[in-house]
Amino acid sequence: MKPSIILYKALPDDLQQRLAEHFTVTQVANLKPETVQQHAEAFATAQGLLGSSEKVDAALLEKMPQLRATSTVSVGYDNFDVDALNARKILLMHTPTVLTETVADTIMALVLSSARRVVEVAGRIKSGEWTSGIGADWFGTDVHHKTMGIIGMGRIGLALAQRAHFGFGMPILYNARRHHAEAEARFEARYCDLDSLLKESDFVCLVLPLTEETHHLIGKAQFAMMKKSAIFINAGRGPVVDENALVEALQNGEIHAAGLDVFEKEPLPVDSPLLSLPNVVALPHIGSATHETRYNMAACAVDNLIDALNGKVEKNCVNPQVVS
Ligand SMILES: NC(=O)C1=CN([C@@H]2O[C@H](COP(=O)(O)OP(=O)(O)OC[C@H]3O[C@@H](n4cnc5c(N)ncnc54)[C@H](O)[C@@H]3O)[C@@H](O)[C@H]2O)C=CC1
Ligand SMILES: O=C(O)C(=O)CO
């Protein structure tokens with residue numbers, strides 16, 4: 001008999017079919033308690049779980065006594081209680097690598113659009129303000145040859161450094177938990193402690209996972225260290241930044257501008273002060289959101305679940321130790 005799984009995300013037809021070849025699939029809209037209750041039998045017997053963005057915590061796991069593997073359509077997994085998964089020896093699979101280049105592209109888009117005020121000035125044309133030659137009130141700041149500071153030199157950080165260094169001639173500073181030999185060799189990236197990176201960078205780019213250690217890593221004291229001309233970019237996770245401190249730093253001119261793909265609360269509330277600041281480019285968490293990459297992530301998550309439920313955990317597994 002095929003193992004049963006819960007699917008809590010809509011997938012392209014061919015991938016849905018691939019899942020159905022291996023598993024008995026129950027599709028649900030989300031993992032809210034009322035949904036779990038409505039499909040209690042399916043949750044009680046499911047051995048696999050596949051989807052994205054929803055919280056997977058100890059309370060949900062209690063409703064899934066047969067669960068052996070979870071597969072998230074994302075590289076980040078801060079919405080999973082990994083300790084609770086480990087305690088139950090449930091595998092957690094994710095989708096690194098397939099999205100790296102696309103997310104690095106998005107970060108460059110934030111860098112360019114915030115420095116050159118692309119969104120703001122495009123809005124001014126649409127509202128009929130371009131009536132004569134432009135003056136300094138339309139100017140932005142240069143990107144090329146400015147110093148880029150990358151906090152979190154992982155897969156995406158490295159792809160960002162490649163673009164910034166080779167494409168834009170930018171010197172690269174980075175902060176990470178350890179020296180990154182490849183970044184140093186390929187891009188002449190210079191390792192810095194966090195404070196030095198904040199003080200010296202023209203662009204401060206966060207590409208960090210959300211963990212207990214990174215929560216509110218950047219707050220009032222860190223914005224105060226940045227150059228007044230600094231542009232702050234966050235494409236990792238919103239809660240790595242104290243958003244109130246960010247708003248204050250932007251309002252008080254402690255930093256020049258910000259480009260943000262992620263927020264403490266998502267979707268970003270429409271009354272967020274960030275949305276009324278002209279020096280903020282805010283995107284709705286689209287880092288990996290291209291047709292090609294989202295398809296590749298979904299395909300990777302499907303393969304991951306098939307692998308995990310067959311005991312194959314050589315790649316894309318966050319906690320392979322639970323089955324060793
Ligand atoms: N905006 C978006 O749509 C997307 C956001 N992300 C976020 O980006 C994160 C990074 O993704 P990858 O580069 O693939 O992961 P990765 O694991 O390759 O890189 C993360 C890096 O951060 C470093 N790090 C962790 N804690 C640190 C700390 N306290 N101080 C300094 N460095 C620290 C790690 O050592 C690692 O090198 C994901 O965890 C996710 O939260 C990822 C994809 C899309
Ligand atoms: O993969 C992730 O972690 C995202 O944030 C969306 O691609």
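We count ligands from 1, going down the list as the structure has it; atoms in each ligand are counted the same way. Just so we're clear, the structure is a prediction, and the values are computed from it rather than from any experiment.
- A salt bridge (Lys or Arg N to Asp or Glu O under 4.0 Å) with Asp303 holds for exactly one of Lys312, Arg18, Lys315; it is Arg18.
- For atom 19 (O) of ligand 1, the choice among Ala176, Gly154, Gly238 with the nearest heavy atom turns out to be Gly154.
- Listed by number with element, the atoms of ligand 2 under 4.0 Å from a non-hydrogen atom of Leu99 are 1 (O), 7 (O).
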Q: Take Val75 and Arg155 through the side chain to side chain contact (heavy atoms under 4.5 Å, CB included) test and state the conclusion after the steps.
A: CA-CA 10 Å; Val75 63; Arg155 290 172 289 256; 3.5 Å; yes
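- Note that OG1 of Thr211 and OH of Tyr77 are 9.0 Å apart. Values are rounded to the nearest 0.5 Å.
- With salt bridges taken as basic N to acidic carboxylate O contacts below 4.0 Å, none links Glu266 and Arg237.
- Shortest contact from atom 7 (C) of ligand 1 to any protein heavy atom: Gly236 O, 3.5 Å.
- Residues Val281 and Ser113 approach most closely at CG1-OG, 3.8 Å, considering heavy atoms.
- Where the criterion is an N or O separation shorter than 3.5 Å, residue side chain and backbone included, Val75 meets it with respect to ligand 2.
- Counting protein heavy atoms only, atom 40 (C) of ligand 1 is closest to Arg237 NH1, 3.6 Å.
- With a 4.0 Å heavy-atom cut-off, ligand 1 is reached by the side chain of Val103 but not by its N, CA, C or O.
- Tested against Glu200, the residues Lys227, Arg190, Lys146 include a single salt bridge (Lys or Arg N to Asp or Glu O under 4.0 Å) partner, Arg190.
- Taking each heavy atom of Val98 and Thr293 in turn, the nearest pair found is O-CG2, 3.8 Å.
- Taken from OG in Ser53 to CG in Asn30, the straight-line distance is 11.5 Å, to the nearest 0.5 Å.
- Of all the heavy atoms of Arg155, the ones lying under 4.0 Å from any atom of ligand 1 are found in both the backbone and the side chain.
- When the heavy atoms of Ala235, Ala289, Ser74, Gly287 are ranked by distance to atom 5 (C) of ligand 1, first place goes to Ala235.
- By the 4.0 Å heavy-atom criterion, Val207 is counted among the residues contacting ligand 1.
- Which parts of ligand 1 touch Asn175 is read off a 4.0 Å heavy-atom cut-off, strictly below it: atoms 31 (C).
- Closest protein heavy atom to atom 38 (C) of ligand 1: Val75 CG1, 4.0 Å.
- Between Phe168 and Leu112 there is a side-chain heavy-atom pair separated by less than 4.5 Å.
- At least one N or O atom of Arg237 sits closer than 3.5 Å to an N or O atom of ligand 2.
- At a threshold of 4.0 Å, the pair Lys55-Asp81 does not count as salt-bridged, since none of the basic side-chain nitrogens sits closer than that to a carboxylate oxygen.
- Taking CG of Leu208 as the start and CD1 of Ile218 as the end, the distance is 7.5 Å to the nearest 0.5 Å.
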Q: Would you check, one step at a time, whether the test salt bridge (charged side-chain N to carboxylate O under 4.0 Å, His left out) holds for Arg88 with Glu62?
A: CA-CA 10 Å; Arg88 284 263 318 273; Glu62 264 182 32; over 6 Å; no
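- Counting heavy atoms under 4.0 Å from ligand 1, residue Arg177 touches it through both backbone and side chain.
- Backbone and side-chain nitrogen or oxygen atoms of His285 are examined, and one is located within less than 3.5 angstrom of a nitrogen or oxygen of ligand 2.
- Val262 counts as a contact of ligand 1, since one of its heavy atoms falls under 4.0 Å from the ligand.
- Heavy atoms of His94 stay at 4.0 angstrom or farther from ligand 2.
- When hydrogens are left out, the protein atom nearest atom 29 (N) of ligand 1 is Glu213 OE2, 3.2 Å; that is the closest non-hydrogen contact.
- From the protein, the heavy atom lying nearest to atom 32 (N) of ligand 1 is Leu208 CD2, 3.4 Å.
- Taking only nitrogen or oxygen atoms, main chain and side chain alike, Gly76 reaches within less than 3.5 Å of ligand 2.
- Counting heavy atoms under 4.0 Å from ligand 1, residue Pro209 touches it through both backbone and side chain.
- Taking OH of Tyr174 as the reference point, atom CD1 of Ile150 lies at 10.5 Å (rounded to 0.5 Å).
- Remark: minimum distance from atom 7 (O) of ligand 2 to any protein heavy atom is reached at Ser288 OG, 2.5 Å.
- Each of the atoms 1 (N), 2 (C), 3 (O) of ligand 1 lies under 4.0 Å from some heavy atom of His285.
- Atoms of ligand 1 lying under 4.0 Å from any heavy atom of Ser288, numbered from 1 in the order shown and given with element: 3 (O).
- Here Met153 has backbone heavy atoms under 4.0 Å from ligand 1, and that is the only part of it that gets that close.
- Residue Asp261 places a heavy atom under 4.0 Å from ligand 1.
- The closest protein non-hydrogen atom to atom 13 (O) of ligand 1 is Ile156 N, 2.9 Å.
- Using a 4.0 angstrom heavy-atom cutoff, Leu210 does not count as in contact with ligand 1.
- Interatomic distance, Asn319 CG to Leu85 CG, rounded to the nearest 0.5 Å: 6.5 Å.
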Q. Between Glu264 and His216, does a side chain to side chain donor-acceptor pair (under 3.5 Å) hold up when you go through it step by step?
A. CA-CA 10 Å; Glu264 283 206 87; His216 280 198; 2.9 Å; yes
